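Everything below concerns the one structure shown next.
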Protein chains: 2
Amino acid sequence: MNKPHQVTIKDIARTLGISASTVSRALKDHPDISAETKRQVQQLASSVNYRPNTLALGLRKSKTNTIGIVIPEIVHHFFSTVISGIDDVAYNAGYNTMLCQTNESEERERSSIQNMIDMRIDGFLISVSKNTTQFDHLTNLATDGIPVVFFDRVCEGLPSNRVITDDFEGARIATRHLISQGCKRIAHLTSASSLIISKQRRDGYTTALREAGLEVNPDYIIEADSREAIIANSDKLITIAPEIDGLFAINDSTAITAIQLLQRNGYNIPRDIAVIGFGDGPLTEIVSPTLSTVEQKGYEMGAEAMRMLIRQMESGIINTEYETRVFTPILQPRESTRRL
Amino acid sequence: MNKPHQVTIKDIARTLGISASTVSRALKDHPDISAETKRQVQQLASSVNYRPNTLALGLRKSKTNTIGIVIPEIVHHFFSTVISGIDDVAYNAGYNTMLCQTNESEERERSSIQNMIDMRIDGFLISVSKNTTQFDHLTNLATDGIPVVFFDRVCEGLPSNRVITDDFEGARIATRHLISQGCKRIAHLTSASSLIISKQRRDGYTTALREAGLEVNPDYIIEADSREAIIANSDKLITIAPEIDGLFAINDSTAITAIQLLQRNGYNIPRDIAVIGFGDGPLTEIVSPTLSTVEQKGYEMGAEAMRMLIRQMESGIINTEYETRVFTPILQPRESTRRL
DNA sequence: GCTTGTTGCGGTAACGTTTGCGGTGATTGT
DNA sequence: ACAATCACCGCAAACGTTACCGCAACAAGC
């Protein structure tokens with residue numbers, strides 16, 4: 001059983017003894033076509049289950065109704081919720097989504113984007129890789145007139161549409177919360193300084209300390225942003241553990257791993273050291289003690305990014321005005337910081 | 001700044017004063033073309049950054065080098081790892097991936113698949129929705145000659161390519177493990193009976209009980225497959241809690257929620273009731289007690305499914321022979337079942 | 001000299017769709 | 001009765017690419 005020929009407009013035209021253009025117009029209710037002809041065409045079309053060939057359409061109109069998602073890692077609660085939000089909005093608006101994970105590789109980011117350009121994607125939703133150092137493939141999108149919305153991991157310096165969380169403010173809120181619980185010597189687990197979000201969160205952290213008249217100790221800032229990184233750098237954390245009474249981690253899983261490490265070393269959380277995370281995955285209520293964090297709405301961010309992209313694509317105007325939507329994270333205090 | 005015209009083969013032909021067919025052949029090193037012409041064409045092509053138009057190619061060859069992923073929910077650790085595996089293999093093989101989540105809706109499953117057919121996707125990777133009751137849209141794929149590999153949630157009765165976990169055996173292993181720890185009255189948290197996987201797991205559970213000479217008590221089988229479902233059915237679980245000494249949950253998050261519920265009601269895990277889950281997400285080592293489970297290799301399953309699909313697509317032969325790859329889950333005993 | 005073969009390239013059609021233009025036959029207006 | 005209007009439809013080109021066929025030029029073989 002070989003590939004059965006998908007029925008085309010020409011087939012309909014042939015069996016009805018009319019021209020392809022008439023069929024095309026009849027299908028889209030063009031006023032030039034008589035009611036009778038329309039009826040015949042539409043009936044036959046639906047009875048043979050005619051479906052327009054999207055490739056031909058895309059070729060003709062240079063519009064594919066497809067958008068590309070470029071994301072560092074799919075297996076990440078935050079990112080997967082973002083994708084989910086994107087996909088739901090896209091589906092309801094009649095767009096298809098192409099997905100590429102870069103695995104934090106710049107080279108893969110470049111080639112994936114190029115692939116999608118080759119497929120004549122209508123627009124991009126991008127969260128840039130941690131290791132991307134050259135940004136020409138991203139700036140080129142703008143000069144090529146392809147609409148882009150960056151989310152979460154945006155591209156510094158490049159004017160663009162953005163959907164981000166207020167990382168600075170979120171970190172400030174988190175740190176302030178620790179201070180309000182009586183912490184005075186607060187450490188911070190951070191990520192690669194190349195990422196804007198980690199810089200912002202660090203700034204929020206130091207700002208909150210200064211505002212409270214507390215000293216910023218560089219030894220208290222450790223670069224570790226994952227379960228693995230904590231384990232690899234456990235000695236650093238253990239070294240400062242006796243001195244500190246608070247810990248702000250750049251994300252939840254890092255916070256949780258730190259808590260487990262500290263607990264195993266005899267520290268009581270939150271009595272000895274209060275710990276707060278960032279992101280609010282599904283983990284926070286499952287661990288013991290439950291993890292305080294600042295909530296990041298991934299689904300909403302994805303949905304909003306998709307809506308923004310649709311606006312950009314459908315406005316027709318490119319490159320004129322950029323939008324930025326900032327989501328302010330919300331403090332979710334739980335047991336891991338309850339000291340009062 | 002309007003859309004800059006993407007450079008085409010015709011453009012190259014025009015500036016070089018040769019025909020489009022020559023350019024096309026020169027680009028793919030056709031023997032008919034002289035070395036000199038090839039050199040000129042290839043040099044110009046790369047200097048103006050020529051990229052073939054995938055839509056035109058797809059239209060011409062009815063092959064898009066794109067595959068479609070249809071999945072119930074993205075925000076699910078297991079599924080996101082599967083997607084990750086798919087995407088990595090696809091990327092390395094030069095395929096693009098289109099993604100659709102059905103949100104467990106049959107209607108959305110149908111229309112997403114139809115959308116992707118309209119885009120002339122080369123093949124499908126599908127995990128069917130929980131609520132799908134009619135399967136014609138899936139059987140049609142076979143008659144349309146479109147290669148499909150089902151993974152995890154396969155389509156019963158429909159002969160097809162499959163990548164699955166041995167749910168029966170996994171459940172049997174899990175239940176046996178509870179028995180080996182001295183449990184005699186073991187309850188089971190299950191999912192919608194329409195899903196093959198839940199039926200298989202239930203069968204594995206009852207089989208293990210019977211093999212050990214233990215009685216199967218229908219009251220001990222509760223339909224609850226998520227955090228929310230447990231909370232909604234908490235009274236049922238609490239009712240049987242005094243009688244049971246073991247619990248096998250259909251997935252990890254259900255197991256964890258059950259543990260928390262039981263703990264709040266004064267039960268000690270694993271002393272009073274030993275609990276085991278299924279799936280091995282990232283949660284198992286984070287909770288206290290750490291959760292015993294049977295490990296499901298999502299990434300490998302995705303990768304294998306993609307490889308199988310590639311074989312099917314590139315063999316050219318459709319519909320002749322179907323493959324099935326079964327992954328046997330591995331017991332991961334942790335604290336939640338340690339009674340001996 | 002004529003055939004045969006080779007090398008290198010161009011023309012055309014085709015994939016499926018849309019669209020501007022034009023053309024037919026019939027109806028209307030004067 | 002003649003032009004103007006109208007309703008309805010077909011032609012052909014175009015989107016970018018490739019496969020098939022063919023053709024010119026030139027070399028070689030007899």
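This structure is a prediction, so every number in the text was calculated from the model and none was measured. Below, read A as the first sequence line, B as the second, and so on, with proteins coming before strands; counting in each chain starts at 1.
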Can you tell me how far [atom2] of [N] sits from [atom1] of [X], to the nearest Å?
X: A:M119; N: D:dT17; atom1: CE; atom2: C1'; value: 15 Å
X: A:L57; N: D:dG16; atom1: CG; atom2: P; value: 15 Å
X: B:L27; N: D:dA19; atom1: CG; atom2: C1'; value: 16 Å
X: B:Y50; N: D:dT17; atom1: OH; atom2: C1'; value: 7 Å
X: A:L59; N: D:dG16; atom1: CG; atom2: P; value: 7 Å
X: B:D32; N: D:dA19; atom1: CG; atom2: C1'; value: 12 Å
X: A:D29; N: D:dA7; atom1: CG; atom2: P; value: 15 Å
X: A:R60; N: D:dG16; atom1: CZ; atom2: P; value: 11 Å

Looking only at side chains, do [X] and [Y] share a donor and an acceptor under 3.5 Å apart?
X: A:E73; Y: B:S84; answer: no
X: A:T54; Y: B:D118; answer: no
X: B:Q114; Y: B:H137; answer: no
X: A:T22; Y: A:S19; answer: yes
X: A:N103; Y: B:D88; answer: yes

### Message
Closer than 4.0 angstrom, basic N to acidic O: yes or no for B:D122 and B:K61?
### Response
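Judged by the 4.0 Å cut-off on N to carboxylate O distance, B:D122 and B:K61 do not form a salt bridge.
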### Query
Looking at B:D32 and B:R25, does any basic side-chain N land under 4.0 Å from a carboxylate oxygen?
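Result for this pair is no, no salt bridge flagged.
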### Message
Is there a side-chain contact between B:K10 and the phosphate of D:dT17, meaning an N or O under 4.0 Å from OP1 or OP2?
### Response
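Negative; the distance criterion is not met.
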### Query
Do we get B:R153 above B:F150's six-membered ring, with its NZ or CZ under 6.0 Å from the centre and within 45° of the axis?
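Pair B:R153/B:F150 does not count as cation-pi.
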### Task
Remember a base hit wins even if backbone is also touched, and classify B:N53 as base, sugar-phosphate or nothing at under 4.0 Å, heavy atoms.
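Counting heavy atoms under 4.0 Å across all strands, the contact made by B:N53 is with sugar-phosphate only.
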### Query
Which residues, if any, of residues 11-23 of chain A bring a heavy atom under 4.0 Å of DNA chain C?
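Those residues whose heavy atoms fall under 4.0 Å from DNA chain C, taken from residues 11-23 of chain A in numerical order, are A:S21.
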### Message
With heavy atoms of chain A within less than 4.0 Å as the criterion, where does contact along DNA chain C begin and end?
### Response
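With heavy atoms of chain A under 4.0 Å away, the range is C:dC15 to C:dG20.
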### Query
Pairs in or reaching into residues 79-109 of chain B: which pass ring pair (Phe, Tyr, Trp, His ring centres under 6.0 Å), with residues at least two apart or in two chains?
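Residue pairs passing ring pair (Phe, Tyr, Trp, His ring centres under 6.0 Å), neighbours aside: B:H76-B:F79.
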